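Below you'll find the structure, written out as C-alpha cells, and then a few comments.
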Amino acid sequence: MLSKEILKQLIDIVGQENAITDKVDLLTYSYDSTADVPTETPDVVLAPANTAQVSEIVKIAAAHKIPIYTRGSGTNLSGGTIPLKKGIVLSMRKMNQIKQVDAENLVAIVEPGVVIQDLNNAVAPHGLIYPPDPGTVATATMGGSVAENSGGLRGLKYGVTKHYVMGMEVVLSNGDIVRVGGKTVKNVTGYDLAMLFTGSEGTLAIITEITVKLMPAPQFKKSFLAIFKTLEDAGNTVSQIVENKVIPATLEIMDNATIRTVENFAKVGLPVEAAALLLIEVDGLEEVVKRDAEVVKQVVIKNNGELKVAETEDERATLWAARRAALPALASLNNTTVLEDATVPRSQVTAMLVACQELGKKYNLTIGTFGHAGDGNLHPTILCDSKNADEMSRVHKAVDELFEIAVNMGGTLSGEHGIGMAKMKYLELEFGPTGVDLLRRVKEALDPDYILNPGKMVPLKGE
Ligand SMILES: Cc1cc2nc3c(=O)[nH]c(=O)nc-3n(C[C@H](O)[C@H](O)[C@H](O)COP(=O)(O)OP(=O)(O)OC[C@H]3O[C@@H](n4cnc5c(N)ncnc54)[C@H](O)[C@@H]3O)c2cc1C
C-alpha cells in the first residue's frame, strides 16, 4: 500500500484526471487477456503524457522500491501486465502520437501508445506497410508489441517485430532516459541494446519512443484455401511449399476441431469434414505471384489436397475473417481458454499437430489447434472451465507435457506470446540453470531492485 504522501507526489506528475485510484476502476487493471493466472489490483494507475513524466514517476518508484507494471492495451497472453506485487500500473495510452513518417528513409517514429493499425493507416498513403500484424493489430499498441516482440500472420515472409525495430528511447529503472539505435539501416555501434529491450516484456526498461522500418506494400496478392483429409498431408504441404522456394506471406493451419468451431461460429462455408485446412497467401510482383501460385497448386495436389482460389476481394476477406475468428470461436465454447504458442521447426509441424491431438485424448480435454504453420508457431487451445479443479489439473499436466514435447523437437516455449508469468516455470527446460542465471544477471544489471514488472519473465533467485 502506498503512503498518502507518495501517492500524491505520483498523481501530481500526471494530474488527477490521468490517475485512477478508485477500487472498482482499479479492478479493470487487475487482469489482461491471459486465462488461468492469478490477478491483483494495483495501488494506482498513472497515464503519463510524455517521457519526462515517465522519468519522474520512475525516480519516485526507484527511491521507494515501488513496482511498476507498464501497460499498452493489455492484450498479451502471458500475464505480462498483471500487477502481481501491486504498486503502479503505467498506462501508455496517452502517449499515442505518430511523430514522423519518413518515406524517404522508409522509417516511422512513434510513441508507444500508438495502435499498430493506426500506424498502418498513416503509412498506407505513401504505398508503405508496417508488416508485423498480430491478431490484435486493431487494438494492441506499438509499445506492447515491441515489448512482446509480437509475431503474426505474415511472420513467415516478413518476419516479426524485432526485424522492424531500428531504435528507441527508453526510461531505465533509475529514471534515466537513453536513446539507442536510430534511422540507419546499418548500425553496429556498441551492444545492440534496441534488440535487448525488444521482447523484454517491460522488465528491463520503459519504452517511450520507437523507430521502426517500413516496407513497400506488395502490388499483388493471391489467397487460397487448401482442404486435406489427413493432418499429415497438410503438414507435408507446408514444408514442401517452402522446399520449393516459395515463401508465402501467410501459411496458416486449422485442425478439424477448429474448423468445426469456426464454421459453427462464423458460417463462412468451411468444409467441416476436413482433417485440416491451410490458408495460404502469396504476394509480390504480378509475375512472381503467378509463379508462386502455380507451385502452391502443384504441391497441394501432390499431397492429395483440394485447392480453392479466392477469386474476388470479398472471397479473400472471408477467408481471412475465418482465420481471425479461430480464437474467438474456440473461446466461445467454454468459460476458460488456455491458449499456448509452443513453436517447433517447420519440419516438425505435423508431429506437433498429432501430439496435440494425442494430448487431448490422453487427458480427456478439448484441444483445437490452429496457427502459423509456415513458421512452426502453433496455437493449441484448450477449452476448459477454471472452476473445475479436476479438469484444470489435467490441463496443467497437458501443458507441462506440451512444452517438453516442443523443446525436445528443437522448438521453443513461445513463438510470439512471451513468457510473462504464465511460462516462467518452464524457462529452465529451454535455457538450463546456467541460461536462466544469465537472464537473471541481465535483469539485475538493469533493474537491481526488481521494480520493473516484477514476477515476470525472470524469476528471483530461489523463487
Ligand atoms: C485474440 C488475440 C490474438 C492475438 N494474436 C497475436 C498474434 O497473432 N501474434 C502475437 O504475437 N500476439 C498476439 N496476441 C497477443 C498480444 O495481442 C500481443 O502481444 C500484443 O502485441 C500486445 O500489445 P498490447 O499493447 O496489448 O501490450 P500489453 O498486453 O499491454 O503489454 C504486453 C507486454 O509489454 C509490456 N509493455 C507494454 N508497453 C510497454 C512499454 N511502452 N515499454 C515497456 N514495456 C511495455 C507490458 O508490461 C507487458 O509485459 C493476441 C492476443 C489476443 C487476445
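Computed from a predicted model, the values in this text were never measured in an experiment. Both counts, for ligands and for their atoms, begin at 1 and track the order of listing.
Contact atoms of ligand 1 toward Glu201: 47 (O), 49 (O) (distance under 4.0 Å to a heavy atom of the residue). The contact set between ligand 1 and Leu327, taken as ligand atoms under 4.0 Å from a residue heavy atom, comprises 1 (C), 2 (C). Interface atoms of ligand 1 facing Ser150, defined by a heavy-atom separation under 4.0 Å, are 11 (O), 18 (C), 19 (O), 20 (C), 21 (O). For ligand 1, the atoms sitting less than 4.0 Å from at least one non-hydrogen atom of Gly202 are 43 (C), 44 (N), numbered in the order shown with element in parentheses. With ligand atoms numbered from 1 in the order given, ligand 1 contributes 21 (O), 23 (O) to contacts under 4.0 Å with heavy atoms of Ser145. Near Ala147, meaning under 4.0 Å from one of its heavy atoms, ligand 1 places the atoms 34 (O), 35 (C), 36 (N), 44 (N), 45 (C).
Contacts between His417 and ligand 1, counted as non-hydrogen atom pairs separated by less than 4.0 Å, involve the side chain only. When non-hydrogen atoms are compared, ligand 1 lies under 4.0 Å from the side chain of Pro112 (C-beta onward) but not from its backbone.
Remark: distances from the non-hydrogen atoms of Gly415 to ligand 1 are all 4.0 Å or more. Heavy atoms of Asp32 stay at 4.0 angstrom or farther from ligand 1.
The protein atom (non-hydrogen) at minimum distance from atom 52 (C) of ligand 1 is Thr136 CG2, 3.4 Å. The protein non-hydrogen atom at the shortest distance from atom 50 (C) of ligand 1 is Leu77 CD1, 3.6 Å. Ranking the protein heavy atoms by distance from atom 15 (C) of ligand 1 puts Thr75 O, 3.6 Å first.
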Show, in sequence, the C-alpha distance, side-chain angles and deciding distance for Asp375 and Asn377, and conclude whether the side chain to side chain donor-acceptor pair (under 3.5 Å) test is met. CA-CA 5 Å; Asp375 41 47; Asn377 180 202; 5.7 Å; no

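Using a 4.5 Å cut-off on side-chain heavy atoms (C-beta onward), Asp283 and Tyr158 make contact. Proximity of Leu365 to Leu359: side-chain heavy atoms (C-beta onward) are nowhere separated by under 4.5 Å. Counting heavy atoms from C-beta outward, Glu430 and Lys423 have side chains that stay 4.5 Å or more apart. Annotation: side chain of Ile129 is in contact with side chain of Asn120 (closest heavy-atom distance under 4.5 Å).
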List the atom pairs, with distances to 0.1 Å, where a side-chain N or O of residues 55-67 and a protein N or O form a donor-acceptor pair under 3.5 Å, not counting sequence neighbours.
from  : atom 1 : to     : atom 2 : distance (Å)
Ser55 : OG     : Gly175 : O      : 2.7

